[in-house]
Student: 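Please read through the structure below; I'll follow up with questions.
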Amino acid sequence: MTKKPLFGDTTSQAATRNPGMWINELDRNRRSGPFLSAHPMDGMGMSTKAVHAGTHDDPCTGAVGTPIYQTSTFILHEETYGSIEEGFGRDRFIYTRYGNPSQWAVQEKLAILEGAESAIVFSSGMAAITAAVMALVDKGAHVVAASDLYGGTYNLFNQEFPSLGMSATLVDSYDLEAIEAAIQPDTQILYFEVITNPVLKVVDIPALVDIAKRHNLRLIVDSTFAPPPVMKPLELGVDLVVHSASKYLNGHSDLIAGVVCGSRKLVDMVWPRLLNYGGSLDPHACFLLERGLKTLDIRMKAHEASATALASFLETHPAVENVLYPMLPSHPDHARAKELMKMGTGNVTFFVKGGDQAALALLDHLKLPKHATSLGGIESLISLPFNSSQATMTARQRAEIGIHPGCVRLSVGIEDADDLIADFDQALNAISAMKGAA
C-alpha cells in the first residue's frame, strides 16, 4: 500500500484552492490545529489524552510513537505553493522554523490537554511569553500586570517595553480595585500568573476575566505553576495561556521550552512572532517534551501526594515559622484553591525560624533535594529566593511581596513522602541543635 506523503494538515478548511474567494466574501474559516491526524479525545481522561493525543505513529515503518523529524526543510509542491499564496502557510510543512511534524505532534497534545484550539511550542518559556505579549499589543501600548512576576517577564515589561515605546503598570495580584484603576485608555492586555512565585498566591482568575471583558482587553496568564491537571484557565475565559514547558509539562529537568495555547485565531496571531523572533523548538527537544507529557497526569498526582504530606509535616515542626501550600486549610487562598484547582502541585514555600542563615544551614543538612533553581522535576529541588530568584530585589521589595527572612522555595518531586519527611526532620533538628548550642 502506498503511503501518502506528510504534507501538512489536510483537514484545514483553508486548504481548498479557490483564489480570492475567501478574501472577497470574508468567510474564511479555520479548524482547530494544525494537526497531523485526527485523534478523537472527547470524553477521555487526562492520562489517556496525555498518552495518545497528538502522538503520531510512523506511516512508513510502523514505529509506535512520533519520529524525530530532524530536517531543516521540506519538499515543496503545488499544494505548498498554494498554501503560501493564499495565506495558510502555517498548515503546511515548508521549513522547520515555520513548522515541523515533531512540533505539531507535541502541540496537538498540549492543545488537547489545555482545552485549546491551537498551541505553539517555543525554544524557551520567555520566547513564548514575549511572542504572546507582542502579538496582542501595538505601538504605544500599556499593560497591567502582576507586581510579583517571574524575573524574565518583569524585565520584559520594565526593560524592553520602554525601549519600544510601551509601558506597564505592575499591581498586587490580590488588589482587584487597583488592577482596574491601573487601566488606561491605551491599555491593551492584562498579564498575570495563575499561582505566584514563590509565595503561591492563588489569583482570582474569574475576576480578572470579568475586568478584561468589561474593558475590552485581552487576558494572558502564565500557568506554569498550574499545569492542565491542576487548572485549565481557558475554560475560565482567559484568552491565552503560556507555560514554561521546562517545568511540570516536561517534568524531567532536561529541557528548555515554552508553549502558548488558545483559540486558533489568537494563536495564528502569535505564530508570525515565532517566525520573526526565531524561537522555534528543535525537533529533538519536541520529542523530549512529548515524552515528558505522556506521564504528566500521573506525575502531578505523585507531586501532590508527597507535597501535601510534607507540607503537613512542616507545619508541625517547631523549627518552621510558617508554611504556604494552597491545599492546606492554613493557606490564605485555600477556599479559592479548592474552587479553581482540580488538585495540588509540588510547590511548597516555608519559612525557617532564624532567618536566612538558618535557611542556608538547612540546605547544607538536606540529603535528597537538589540545591537548584527551576521546579516541576521528578526530583525535589530547593532554593532560597533571597539569593536566587529574587536576589536582585532589595530586602524591602522582597518583604512587600511576602518574601521574609528564612523563606525556602521547595519543588517537591515524586520521591516517597516518608523519605522526604525523614530527611527534612533530621535537617530541621540539626539546625535547631546548632541554634541551641550557640
Student: Taking atom CD of E180 and atom CG of L208, what is their separation to the nearest 0.5 Å?
Tutor: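 Nearest 0.5 Å value for the CD-CG distance: 10.5 Å.
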Student: Might you point out which heavy atoms bring S173 and D148 nearest each other, and give the distance in Å?
Tutor: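 Where S173 meets D148 most closely, the heavy atoms are OG-OD1, 3.5 Å.
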Student: Is a side-chain N or O of T196 found less than 3.5 angstrom from the main chain of K201, in a donor-acceptor match?
Tutor: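 Checked: pair present.
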Student: Any side-chain heavy atom of V143 sitting closer than 4.5 Å to one from M166?
Tutor: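 Sidechains of M166 and V143: no contact.
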Student: Please test I401 against Q397 for side-chain contact (heavy atoms from CB on, under 4.5 Å), starting from the C-alpha separation and ending with a verdict.
Tutor: CA-CA 7 Å; I401 61 173; Q397 287 174 319; over 6 Å; no
Student: With a 3.5 Å distance limit and no angle check, can you tell me whether T224 reaches the backbone of S244 through a side-chain donor-acceptor pair?
Tutor: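 Yes; at least one donor-acceptor contact below 3.5 Å.
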Student: Please step through salt bridge (Lys or Arg N to Asp or Glu O under 4.0 Å) for the pair D254 and R291, ending with a clear verdict.
Tutor: CA-CA 12 Å; D254 58 6; R291 172 220 57 184; 3.3 Å; yes
Student: Given side chains that start at C-beta, do those of S280 and L274 come closer than 4.5 Å, heavy atoms only?
Tutor: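 Yes, side chains in contact.
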Student: Given 3.5 Å as the limit, does a donor-acceptor pair link the side chain of K370 with the main chain of L381, or not?
Tutor: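 Side chain of K370 to backbone of L381: no pair is present.
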Student: Assess whether side-chain contact (heavy atoms from CB on, under 4.5 Å) is satisfied between Y248 and V230, documenting all intermediate values.
Tutor: CA-CA 11 Å; Y248 283 116; V230 177; over 6 Å; no
Student: Kindly state whether the ring of Y191 and the ring of F157 have centres lying under 6.0 angstrom apart.
Tutor: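 So the answer is yes for these two rings.
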Student: Compute whether any side-chain donor of one residue and acceptor of the other, for H303 and N347, lie under 3.5 angstrom apart.
Tutor: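 No, because no side-chain N or O of H303 sits under 3.5 Å from a partner of the opposite role on N347.
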Student: Determine whether H252 and R299 satisfy the following criterion, side-chain contact (heavy atoms from CB on, under 4.5 Å), listing intermediate values before the conclusion.
Tutor: CA-CA 10 Å; H252 291 76; R299 282 191 288 104; 4.1 Å; yes
Student: For a 4.5 angstrom cut-off between non-hydrogen side-chain atoms, does L170 reach N158?
Tutor: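 In contact.
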Student: Would you say the side-chain atoms of Q103 pair up with the backbone N or O of Y98, donor to acceptor, closer than 3.5 Å?
Tutor: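 A pair under 3.5 Å: no.
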Student: Can you confirm whether the side chains of H142 and T187 place a donor and an acceptor under 3.5 Å from each other?
Tutor: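 Their side chains do contain a donor-acceptor pair, which is all the 3.5 Å distance test asks for.
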Student: I'd like to know if the side chain of R409 and the backbone of S374 have a donor-acceptor N/O pair within less than 3.5 Å.
Tutor: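 Answer holds: yes.
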Student: How long is the span from the CD atom in E315 to the CG atom in L310, to the nearest 0.5 Å?
Tutor: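 E315 CD to L310 CG: 11.0 Å, rounded to 0.5 Å.
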Student: Side-chain contact test, heavy atoms from C-beta onward, threshold under 4.5 Å: evaluate it for V203 versus V194 and give yes or no.
Tutor: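 V203 does not reach V194 side chain to side chain.
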Student: Does a side-chain heavy-atom distance below 4.5 Å link L328 with S312?
Tutor: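 Yes, close enough: below the 4.5 Å cut-off.
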Student: Does a sphere of radius 6.0 Å around CZ in F386 hold more than 12 heavy atoms from other residues, nucleotides or ligands, not counting ones at 6.0 Å or beyond?
Tutor: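 Count over threshold, so yes.
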Student: Salt bridge between K342 and D297, side-chain N to carboxylate O under 4.0 Å?
Tutor: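 Result for this pair is no, no salt bridge flagged.
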Student: For S32 and D9, which heavy atoms make the closest approach, and how far apart are they?
Tutor: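 Answer, listing the atom of S32 first, then D9: O-OD2, 4.3 Å.
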Student: Is the number of heavy atoms from other residues, nucleotides or ligands under 6.0 Å of N276 CG greater than 12?
Tutor: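 More than 12 within 6.0 Å, yes.
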Student: Quick one: do the E290 and S102 side chains pair a donor with an acceptor below 3.5 Å?
Tutor: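 No, no side-chain donor-acceptor pair sits under 3.5 Å.
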Student: To the closest 0.5 Å, what do you measure between OH (Y154) and CG (L149)?
Tutor: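 Result: 9.0 Å between the selected atoms.
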Student: Any chance OH of Y174 has more than 12 other-residue heavy atoms, nucleotides or ligands included, within less than 6.0 Å?
Tutor: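 Above 12, so yes.
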Student: Any chance you could lay out the side-chain contact (heavy atoms from CB on, under 4.5 Å) test for L236 and M231, step after step, and finish with the verdict?
Tutor: CA-CA 9 Å; L236 301 175; M231 190 189 303; 4.3 Å; yes
Student: If you look at every heavy atom in A212 and L219, which pair is closest and at what distance?
Tutor: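 Between these two residues, the closest heavy atoms are CB-CB, 4.1 Å.
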Student: Within this structure, what is the CD1-OG1 distance for the pair I179 and T169, rounded to the nearest 0.5 Å?
Tutor: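 Answer rounded to 0.5 Å: 11.5 Å.
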Student: Indicate the atoms forming the closest heavy-atom contact of M126 with T153, along with that distance.
Tutor: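 So the minimum-distance heavy-atom pair works out to SD-N, 3.6 Å.
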Student: When rounded to the nearest 0.5 angstrom, what is the spacing between CG in L384 and CG in L363?
Tutor: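 With rounding to 0.5 Å, CG (L384) is 5.0 Å from CG (L363).
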Student: Counting N and O atoms only, with roles assigned by atom type, does the side chain of H331 sit under 3.5 Å from a partner on the main chain of Y325, one being a donor and the other an acceptor?
Tutor: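 Looks like no, no N/O pair under 3.5 Å.
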Student: Looking only at non-hydrogen atoms, find the nearest pair between T345 and M300 and report the distance.
Tutor: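 Scanning both residues, the minimum pair turns out to be CA-CE, 4.1 Å.
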Student: Is any side-chain heavy atom of T96 closer than 4.5 Å to one of Y69?
Tutor: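 Result no, sub-4.5 Å side-chain heavy-atom pair not found.
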Student: For the residue pair H317 and F313, does the interplanar ring angle fall in the parallel (under 30°), tilted (30 to 60°) or perpendicular (over 60°) class?
Tutor: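 It falls in the perpendicular class, over 60°.
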Student: Other residues, nucleotides and ligands only: do more than 12 of their heavy atoms fall within 6.0 Å of CD on Q184?
Tutor: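 Enclosed: over 12 neighbouring heavy atoms sit under 6.0 Å from CD of Q184.
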Student: Looking only at atom types and distance, does a side-chain atom of N100 sit under 3.5 Å from a main-chain N or O of P283, one as donor and one as acceptor?
Tutor: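 Pair absent, no side-chain N/O of N100 close to backbone of P283.
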Student: Does R214 CZ have over 12 foreign heavy atoms under 6.0 Å away?
Tutor: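 For R214, atom CZ is crowded (more than 12 foreign heavy atoms under 6.0 Å).
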Student: Less than 4.0 angstrom from a charged side-chain N to a carboxylate O is my criterion; do R218 and D239 meet it?
Tutor: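 Yes, charged N to carboxylate O under 4.0 Å.
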Student: Could you tell me which non-hydrogen atom of L324 sits nearest to which non-hydrogen atom of L200, and how far apart they are?
Tutor: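 For L324 versus L200, the nearest heavy atoms are O-CD1, 3.3 Å.
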Student: So do the side chains of M46 and L113 get within less than 4.5 Å of each other, counting heavy atoms only?
Tutor: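 Yes; the side chains approach each other to less than 4.5 Å.
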Student: Between the side chain of S124 and the main-chain N/O of A127, is any donor-acceptor distance below 3.5 Å?
Tutor: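 Such a contact is found between S124 side chain and A127 backbone.
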Student: Answer yes or no: is there a donor N or O on one side and an acceptor on the other, between the side chain of Q188 and the main chain of D138, under 3.5 Å?
Tutor: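 Here the side-chain-to-backbone pair exists.
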Student: In Å and rounded to the nearest 0.5 Å, what is the CG to CG distance from L255 to L281?
Tutor: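 If we round to the nearest 0.5 Å, L255:CG and L281:CG are 6.5 Å apart.
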Student: With heavy-atom distances below 4.5 Å as the criterion, would you say the side chains of E117 and S263 are in contact?
Tutor: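 Side-chain contact under 4.5 Å: yes.
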Student: For residues E114 and H243, is any side-chain donor paired with an opposing acceptor at under 3.5 Å?
Tutor: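 E114 vs H243: donor-acceptor pair found between side chains.
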Student: Short question: side chain of S118, backbone of G33 - any donor-acceptor pair under 3.5 Å?
Tutor: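 Yes, S118 side chain to G33 backbone: donor-acceptor pair under 3.5 Å.
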Student: Does the side chain of S380 come under 3.5 Å of the side chain of E415 through a donor N or O and an acceptor N or O?
Tutor: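 The answer is yes; a qualifying pair exists.
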